[in-house]
Structure formats: C-alpha cells, structure tokens
Number of protein chains: 2
Amino acid sequence: MSRSRTQFAILALVRIQPMSGYEIREFCRTRLRHFWNESFGQIYPTLTQLAADGLVRPAERADNPRATYYELTEPGRASLREWLARAASPRMVRDELLLKLFCGDEATPAVLLEHVTVARQQAQAELDSLSEASRELEMYAHDHPDNPYWQLMLRAGRLGFEARLQWCAEAEAVIAARPGPDKETTRG
Amino acid sequence: MSRSRTQFAILALVRIQPMSGYEIREFCRTRLRHFWNESFGQIYPTLTQLAADGLVRPAERADNPRATYYELTEPGRASLREWLARAASPRMVRDELLLKLFCGDEATPAVLLEHVTVARQQAQAELDSLSEASRELEMYAHDHPDNPYWQLMLRAGRLGFEARLQWCAEAEAVIAARPGPDKETTRG
DNA sequence: TTTTAGATATATCTATTAGATATTATGAGT
DNA sequence: ACTCATAATATCTAATAGATATATCTAAAA
C-alpha cells in the first residue's frame, strides 16, 4: 500500500474502539493535536481503501443509524503491528513564528512582541489541556494496558509546551529590550 | 499572491544575502531545519514567480557563472514586512514516534525502546548542532542587528531538544520496566 | 593521467497532507 | 416555527514533502 501514514493513524484509533470518519477526525483534533493531525481529505478515502483491503470492517449502529462505524479486523491489527516494528520517520516541525523572528530586524519589536505573546497564550492553553487530559486518564484508564504509553504521549506534549513557555518568556524579555521606532533610547 | 509561505522563506533568506536556489535549500536544511524546511519542488517555481512579480532580482556572478543568484528588491522587502506584521500560523508538529507509542501495547517494549533510543540520539545530535551554531553566531555575527533574534531562534530549538531528551530518558525508563515476551516477571 | 564519487545547480514530477467547501440531517435554543 | 450549531459524509484545491533527472564541476582514488 501507499506510504501514507493516515492508514496507520486510522488503524491505531479504531483499535481502541470502533469510530466513524468524523469521530476519527475529532479524536485527532481534540486529543492528538500536539503531535498529529488528519483532515477529512485523507480520512474518508483512506477508510474506503482500508475497508476494501479488509483492514477495517464497516458496521452500523442502531443508536446512530446515520454514521458508519469502522472496526479493526485481524488483518488490520497485523498491519498495524508491522508498522509499529518499523523505524519511525523523523519528527517534523514547522513554526512560522520562528521564521518571522529569523528576519526580526525587519519588523518592529512591538509587532514581534505581539506574536510571541499570542504564542505564549496558546502554549499555556495547550499545557493546561494536556494536564487535564493526563488527570482524566489517571481516573478513567488507570488500568488500561496502553495507559503508561498514553501518559508518555501526553508527557511529551507537556514537556514541549513547558519548553515553549520558557522560550516565550525569554523572547519577550529580549524583544522588549530592543530599540524600536517608538523608543528614543535603548531600554536596559 | 498565494498562501504559500515558501515565498516568505525565500524573501527572508535573500534578505540576508543573495542566494541561488540550491543555496536557499541548503541554508534551510543546515541551519533552519529544526523549525522550517523547503523542497526544490517549491523553491524553483517560487523563485520564478517572485522574479516575475519583481520581489527578487536574478543576477549572475562572475565567480560562479553556473548559478543564478537572487537578490531582494525593495518591493520584495515591503512584501516581507507586510507578512511580518501578520499573525503567525500555529506551529505544526508531526511526530510518528508518538503515534506509535499511542498504540504501544500492540508492540513489544523492546521495539519501542529501540525507537526511543534512536530518537534520543537524534535529539542529542541536533542539540549539539544548535549549540555549535549559537557559538558561531556569537563569534561572527555578534554585532549584526538580527543576532539577538537569531539567538532566540536557536534557543527555541535547544529548549525543544532538551525537552525531547528529557522525555526520551523518562520514556526509556517506563518502557524498560514494561513486561514483554522475553520477560518472565515485571521488572521493577 | 584517468576514473570515480560526491557536490553543486537547476528543474520538474509524484505523493502526501492541509485546508476548504458542499450537502444533508439532527438537536438545541429562541 | 425558525435559526444556528453540530454531526456526518464526501470531495475538491492548495501547499508541501520527497524523489528523480540532467548536467557540470571538484576532489579523491586508482
């Protein structure tokens, strides 16, 4: 099959429980967004392909006749396991804020400070969200065999956002000390 | 023009000094990779477009007749400044290792440990590389008006990789303590 | 000296994924 | 009843990753 990782993201999710395409998207968006994302553009065609290949099985639900739920099959599980044994691709990051800072002297400190403040607020909100998620896992999934891994997954996010917050604080201090068009002397 | 950010990455780079398409790619790959990347597939068509729009100017070099160097024009600088004043898109991360950990109980601890060890080694190499880059900037660009921003840029990378290393250490400890097919009792 | 490997340089192509849009049905609030 | 938001599916366009092709130059090896 293709090199696309959407298939494995989907298999990983329906391994936990049967899900509709929409639910898969929402799960990614609400619980995995600090390290993964999937769009409808990938989800639906991939679900169709996975079903054709026998890796997931479409099913209906009496309590929600509108949605199609997809369940993991044994061949799907085997495919997931093969992928898990393979080396992971390097982490990919794309951070427009840092690109803007790269040519920071072309902007005013005030506008850069604004950008960093927004980033700090976002990082704080994400950190809070991950901390809450960690507590919920402790409460509801403490004995789940995946729980230690889930906690590691969240831990990665929290450490990352803590580092981001630290950086924002430092960046704000440095930028605030920069001379700008509305400053007459260097602020020490 | 389009929503593509390749144009701004290119403008940012040729703002520092004139560069060829290849040099732009190399600069991204060697110095910006912890937060940005550009492929030839984007660079060359975008350079052509930027030149057509008058935002960069192609020039030849007597010392390298083979390469076309692109210089920033004043309209190009103005375009860069407009972009700098706009809010930055959220940081995007894609981390296959965490996706694998998400369904970690479907794999053996040994294989997961291997993945985390590889990630740790990569993070250490990147951290070393960024520390070296920071030292070089201090030596060669200390008085450059962009230097404080460049140092912040590198600082973001270092804090990020330090957090990653911290996480790897924790993950290794947790995973090593997991029972696996080659372990008869829980290792404490 | 010749050959080979690696780097430089440009260009374009395919594959993957982000992001947006469209349609329909349902549920909640006014 | 009407309006708005959400759920659900599907697909389309735009952006970007990654690979490939060709040519030339330089350095190292034979």
Side-chain angles (χ1 to χ4, degrees), chain A residues 1-10 13-14 18-30 32-33 35-52 56 58-70 83 88-96 99, chain B residues 1-10 13-14 18-30 32-33 35-52 56 58-70 83 88-96 99:
Chain A
M1 199 175 179
S2 78
R3 235 173 34 203
S4 163
R5 294 170 298 176
T6 300
Q7 62 180 315
F8 302 116
I10 289 175
L13 291 195
V14 300
M19 291 190 199
S20 67
Y22 185 86
E23 284 180 352
I24 288 165
R25 168 79 198 298
E26 283 299 292
F27 196 103
C28 284
R29 196 180 61 80
T30 57
L32 306 186
R33 69 174 173 265
F35 71 97
W36 204 260
N37 188 56
E38 292 292 352
S39 308
F40 290 130
Q42 284 82 258
I43 292 175
Y44 287 107
T46 303
L47 278 170
T48 303
Q49 184 64 49
L50 286 173
V56 298
E60 293 181 4
R61 278 268 190 82
D63 59 330
N64 188 357
R66 188 155 77 125
T68 306
Y69 283 82
Y70 293 87
W83 171 70
S89 302
R91 181 162 166 272
M92 201 203 70
V93 177
R94 206 158 173 84
D95 191 341
E96 191 177 314
L99 186 61
Chain B
M1 200 174 176
S2 78
R3 231 170 40 199
S4 161
R5 293 170 299 176
T6 299
Q7 61 181 314
F8 301 117
I10 289 175
L13 289 195
V14 299
M19 291 191 199
S20 67
Y22 184 86
E23 284 180 352
I24 288 164
R25 167 81 199 294
E26 283 298 290
F27 195 103
C28 284
R29 193 181 62 81
T30 57
L32 307 186
R33 69 174 174 264
F35 72 96
W36 203 260
N37 188 57
E38 292 291 351
S39 308
F40 290 130
Q42 282 85 257
I43 292 174
Y44 287 108
T46 303
L47 277 170
T48 303
Q49 184 65 50
L50 287 173
V56 299
E60 293 182 3
R61 279 269 188 78
D63 59 331
N64 188 354
R66 196 160 67 126
T68 306
Y69 283 80
Y70 292 88
W83 171 70
S89 301
R91 180 163 168 271
M92 199 203 70
V93 177
R94 206 158 174 84
D95 191 341
E96 191 177 313
L99 186 60

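Chain A is the first sequence line, chain B the second, and so forth, proteins listed ahead of strands; every chain is numbered from 1. Since the structure is predicted, the reported quantities are computational estimates derived from the model, not experimental observations.
For dA19(D), the OP1/OP2 oxygens have no side-chain nitrogen or oxygen of Ser39(B) closer than 4.0 Å. For Arg5(B), a side-chain nitrogen or oxygen approaches OP1 or OP2 of dT16(D) to under 4.0 Å. Applying the 4.0 Å criterion to OP1 and OP2 of dA18(C), one finds that Gln42(A) has a side-chain N or O inside that range. Side-chain N/O atoms of Arg94(B) include one lying less than 4.0 angstrom from OP1 or OP2 on dA18(C). Phosphate proximity of dA8(D) to Asn64(A): present, with a side-chain N or O under 4.0 Å from OP1 or OP2. A close approach under 4.0 Å does occur between a side-chain nitrogen or oxygen of Thr6(B) and OP1 or OP2 of dT16(D).
A donor-acceptor contact shorter than 3.5 Å is absent between the side chain of Ser39(A) and the backbone of Gly41(A). Arg29(B) places no side-chain N or O within 3.5 Å of a backbone atom of Asn37(B) that could act as its donor or acceptor partner. Checking side-chain atoms of Tyr22(A) against main-chain N and O of Phe40(A) turns up no donor-acceptor pair under 3.5 Å. Between the Arg91(B) side chain and the Val93(A) main chain, no donor and acceptor come within less than 3.5 Å of each other.
Note that the CD atom of Glu23(B) and the OG1 atom of Thr30(B) stand 10.5 Å from one another [nearest 0.5 Å]. To the nearest 0.5 Å, atom CD of residue Glu38(B) and atom CZ of residue Arg5(B) are 9.0 Å apart.
Remark: of the listed residues Ile10(A), Val14(A), Leu47(A), Val14(A) is the sole one forming a side-chain contact (heavy atoms from CB on, under 4.5 Å) with Met19(A).
The CG-P distance, from Asp63(B) to dT8(C), rounds to 15 Å in whole Å. Following rounding to the nearest Å, Tyr44(B) (OH) and dA19(D) (P) show an atom-to-atom distance of 17 Å. For Gln49(B) and dT10(C), the CD to P distance is 18 Å, given to the nearest whole Å. Whole-Å rounding puts the Arg33(A) CZ to dG19(C) C1' distance at 17 Å. Between the P atom of dT17(C) and the CD1 atom of Ile43(A) lies a distance of 12 Å, rounded to the nearest Å. Note: CD (Gln7(B)) to P (dA15(D)) measures 9 Å, nearest angstrom. In this structure, Met92(B) atom CE and dT16(D) atom C1' are separated by 9 Å, rounded to whole Å.
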Test log, rule side chain to side chain contact (heavy atoms under 4.5 Å, CB included), inputs Tyr70(A) and Leu13(A): CA-CA 10 Å; Tyr70(A) 293 87; Leu13(A) 291 195; over 6 Å; no
Determine whether Gln7(B) and Trp83(B) satisfy the following criterion, side chain to side chain contact (heavy atoms under 4.5 Å, CB included), listing intermediate values before the conclusion. CA-CA 10 Å; Gln7(B) 61 181 314; Trp83(B) 171 70; over 6 Å; no
Taking only nitrogen or oxygen atoms into account, show me every contact under 3.5 Å that the protein makes with nucleotides 21-28 of chain C, one pair per line with its distance.
{"unit_1": "dA25(C)", "atom_1": "N3", "unit_2": "Arg66(A)", "atom_2": "NH1", "d": "3.2"}

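A 6.0 Å sphere centred on CD of Glu60(B) holds no more than 12 heavy atoms belonging to other residues, nucleotides or ligands.
Listed by residue number, the members of residues 19-29 of chain A with any heavy atom below 4.0 angstrom from DNA chain D are Ser20(A), Gly21(A), Tyr22(A).
In this structure, the nucleotide among dT16(D), dT16(C), dT9(D) sitting nearest to the side chain of Ala67(A) is dT9(D). Proximity note for Asn37(B) (side chain, C-beta onward) versus dA17(D), dA20(C), dT16(D): the nearest is dA17(D).
Two residues, Gly41(A) and Pro45(B), neighbour DNA chain C, and the one matched to the more 5' nucleotide by heavy-atom proximity is Pro45(B).
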